[in-house]
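Here's the structure we're looking at; comments come further down.
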There are 2 protein chains.
Amino acid sequence: MTDPIPFQRDQSQADRALLGIRDMVLRGEFKTGERLPELVLVDLLGVSRTPIRAALQKLAEEGILEAAQPAGYVVRGFSEAEIADAIEVRGTLEALAARMAAERGLRRPQLEAMADCLDQLDELLAEAVPGSDYLSQYSQLNGRFHQLMVESSGSEIVVRALARAAALPFAGHNAFVSIQGRIPGSLEILKAAQRQHREILEAIEARSSARVEPLVKEHARIAHKNLQLVLKNAEAMKNLPGSLLIRRRP
Amino acid sequence: MTDPIPFQRDQSQADRALLGIRDMVLRGEFKTGERLPELVLVDLLGVSRTPIRAALQKLAEEGILEAAQPAGYVVRGFSEAEIADAIEVRGTLEALAARMAAERGLRRPQLEAMADCLDQLDELLAEAVPGSDYLSQYSQLNGRFHQLMVESSGSEIVVRALARAAALPFAGHNAFVSIQGRIPGSLEILKAAQRQHREILEAIEARSSARVEPLVKEHARIAHKNLQLVLKNAEAMKNLPGSLLIRRRP
DNA sequence: TGAATACAGTATGTATACATTTTTTCAATT
DNA sequence: AATTGAAAAAATGTATACATACTGTATTCA
């Protein structure tokens, strides 16, 4: 009698390649603009060229690499303006999702799941002591709320579009959470975000599509504020994963 | 002395695979939900598995295929609601692009290029005789206008997001042009679209971001109207590329 | 008859050999 | 010293062999 449910499939070489390359790029082990020769990656990861190639293609789709001419891939750098645009795109699509959720109306279980998520966030933020490691839990709950909100649009097309927009570095909803605690007033930022969460949920519950749209857009712009704070703070930059992909001036 | 500018690079096997598979899928040579075994494609296209695999991965990103469990790819079908959502996403992102264009303001050459494009469209529609093949020219000019509008956002991030959203079948700006002429009042639809083009350009020129956003969203919804017309018209369906991917009742 | 299992066939995952293209190096010539 | 050219090195494109996992069928046993 073997396990009827395969718990965790043996990680494939393709997964290893994808995770490994992404990790190396975000750690800054290749400079922006630098080529990623397949054979070098083969040596570094102990995986053959085939899964490496698949991973490179995926990471180019994801946005952290770009296809080079006439062939190959290079690490992509992001200007501050590009990051701001990526955040704006994410906010725009989240606003669309929330508007659709408000228009169609949600069932009680969905609303309760979101409310429960916000209750847990309230509790977490109330007890939060600067220095304790509440951040990973915050990330998780924050991510869950956003996920629930987007899925409540009921549209897989929108979910997909958003997943791709949020895959860009620094564009996701948790992109700047890791640097909270390194900048002054960071807990206050999280609390303000949480107040917006409440307002968003209220608007969806009230089926007020006209209200929810600007609320969600404004919520996403917190990320933009955080970006500007980080750029002024060398210490915080060190704690921002992938910060080496940010180029100050080109 | 060889040509300094390579005119048209020899089409690679990867290109052949990508174009070939996309074409077969849109022609309906595989039913929705049907698997696309790599070896079958190897036989059909005369290309080895390596470029086939790359193409399958790209087409899954593009949206017309989806990864199957536990492996492989199947043809993806689209419900009417999903197509409507894809159009809405496209319209939302185009509206964002236009708003950004209006906010930053355009240089004269950009405005002139767009105006020139609209002049040509006016001329084309004025002389358009039902039955003549003005449609391919319309597609081209319409595509160019949209391209110019989106690029005038000045944001490569937005351009990329839009390209991906518009890659879904029936979501692009020219998705329903091919069926014009098969449905009553089709020329009038194109003329109405052109009037919206003029208003959009005026709003961008006037840097009225508040006006341009709803204008562009509404413009995209023409595609939604066309979708509903097509679904009621069996004759028009035959002329819609990829129509076999639409499932009436999933 | 029904269920379980073994097995063949077929699918994709992975590695790698070979082909082609691109880049680099270095020497020869002006 | 600069430039050109050819040869070498290295990179990616492509094909394919082999490994592994899945699927369906037939056979065997209860």
Side-chain angles (χ1 to χ4, degrees), chain A residues 1-22 24-25 29-61 64-76, chain B residues 1-22 24-25 29-61 64-76:
Chain A
M1 209 198 295
T2 57
D3 293 322
I5 298 164
F7 286 101
Q8 183 73 12
R9 177 166 248 135
D10 222 299
Q11 192 178 252
S12 66
Q13 299 295 72
D15 291 339
R16 243 190 293 283
L18 183 65
L19 297 174
I21 298 172
R22 189 194 285 126
M24 288 194 297
V25 169
E29 295 184 23
F30 296 91
K31 296 173 198 149
T32 62
E34 188 178 349
R35 287 184 83 97
L36 301 181
E38 294 174 7
L39 291 176
V40 171
L41 298 172
V42 166
D43 280 350
L44 288 171
L45 296 169
V47 159
S48 81
R49 282 180 61 205
T50 306
I52 296 277
R53 281 175 72 84
L56 290 173
Q57 195 179 318
K58 274 195 188 175
L59 291 170
E61 250 321 309
I64 68 174
L65 302 183
E66 64 186 334
Q69 289 310 338
Y73 294 92
V74 299
V75 176
R76 172 157 181 180
Chain B
M1 208 200 297
T2 57
D3 292 321
I5 299 164
F7 285 101
Q8 183 72 15
R9 177 164 249 136
D10 223 299
Q11 191 179 252
S12 66
Q13 300 294 73
D15 291 339
R16 243 190 293 283
L18 183 65
L19 297 174
I21 298 172
R22 188 195 285 127
M24 288 195 295
V25 169
E29 295 183 24
F30 296 91
K31 296 173 198 152
T32 62
E34 188 179 347
R35 288 183 82 97
L36 301 182
E38 293 173 7
L39 291 176
V40 171
L41 298 172
V42 165
D43 280 351
L44 288 172
L45 295 169
V47 160
S48 80
R49 282 180 61 207
T50 307
I52 295 276
R53 282 175 70 84
L56 289 173
Q57 194 180 319
K58 273 195 187 173
L59 291 170
E61 252 319 310
I64 68 174
L65 302 183
E66 63 187 335
Q69 288 310 335
Y73 294 93
V74 299
V75 176
R76 170 155 183 183

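Chain naming here is simple, since letters A, B, ... match the order of the sequence lines and numbering starts at 1 in each.
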Review point. Rounding to a whole Å, what distance do you find between B:Arg16:CZ and D:dA15:C1'?
Key: 14 Å
Any N/O pairs under 3.5 Å between the protein and nucleotides 9-12 of chain C? List them or say none.
residue : atom : partner : partner atom : Å
C:dT12  : OP2  : B:Glu38 : N            : 3.0

Point to revise | Atom-pair distance (CD on B:Gln11; P on C:dT20), nearest Å | key: 18 Å
Check your understanding: Roughly how many Å is it from CD in A:Gln69 to C1' in C:dT23, rounded to a whole number?
Key -> 15 Å
Study note, to complete from the structure: Sorted by chain and number, sequence neighbours left out, side-chain hydrogen bond (donor to acceptor under 3.5 Å, both in side chains) with B:Glu38 holds for B:Arg49, B:Arg53
Check your understanding: Choosing from D:dA15, D:dT14, C:dT16, which nucleotide comes nearest the side chain of B:Val47?
Key -> D:dA15
Practice item. Could you check how far CD of A:Gln57 sits from P of D:dG13, rounded to whole Å? Key: 10 Å
Exercise for review: Identify, with sequence neighbours excluded, every residue that meets side chain to side chain contact (heavy atoms under 4.5 Å, CB included) alongside A:Ala14.
Suggested key: A:Ser12, A:Pro51
Practice item. Measure the distance from CG on A:Leu41 to C1' on D:dA11 and round it to the nearest whole Å. Key: 12 Å
Check your understanding: Can you tell me how far C1' of C:dT20 sits from CD of B:Gln13, to the nearest Å?
Key -> 12 Å
**Study point:** Partners passing salt bridge (Lys or Arg N to Asp or Glu O under 4.0 Å) against A:Arg76 (at least two apart in sequence or in another chain)
**Key:** A:Glu82, B:Glu156
Point to revise | Nearest-angstrom distance from the residue atom CG of B:Leu45 to C1' of D:dG13 | key: 17 Å
Review point. Which value, rounded to the nearest 0.5 Å, describes the distance between B:Lys58 atom NZ and B:Leu56 atom CG?
Key: 12.0 Å
Check your understanding: Would you say D:dT14 has OP1 or OP2 under 4.0 Å from some side-chain N or O of B:Ser48?
Key -> no
Check your understanding: Over how many whole Å does the gap from B:Ile52 atom CD1 to D:dG13 atom C1' extend?
Key -> 14 Å
Exercise for review: Scan residues 66-75 of chain A for pairs that pass salt bridge (charged side-chain N to carboxylate O under 4.0 Å, His left out), counting only residues two or more places apart or in two chains.
Suggested key: none
Point to revise | Contacts of B:Ala55 that satisfy side chain to side chain contact (heavy atoms under 4.5 Å, CB included) - sequence neighbours left out | key: B:Ala17, B:Leu18, B:Ile21
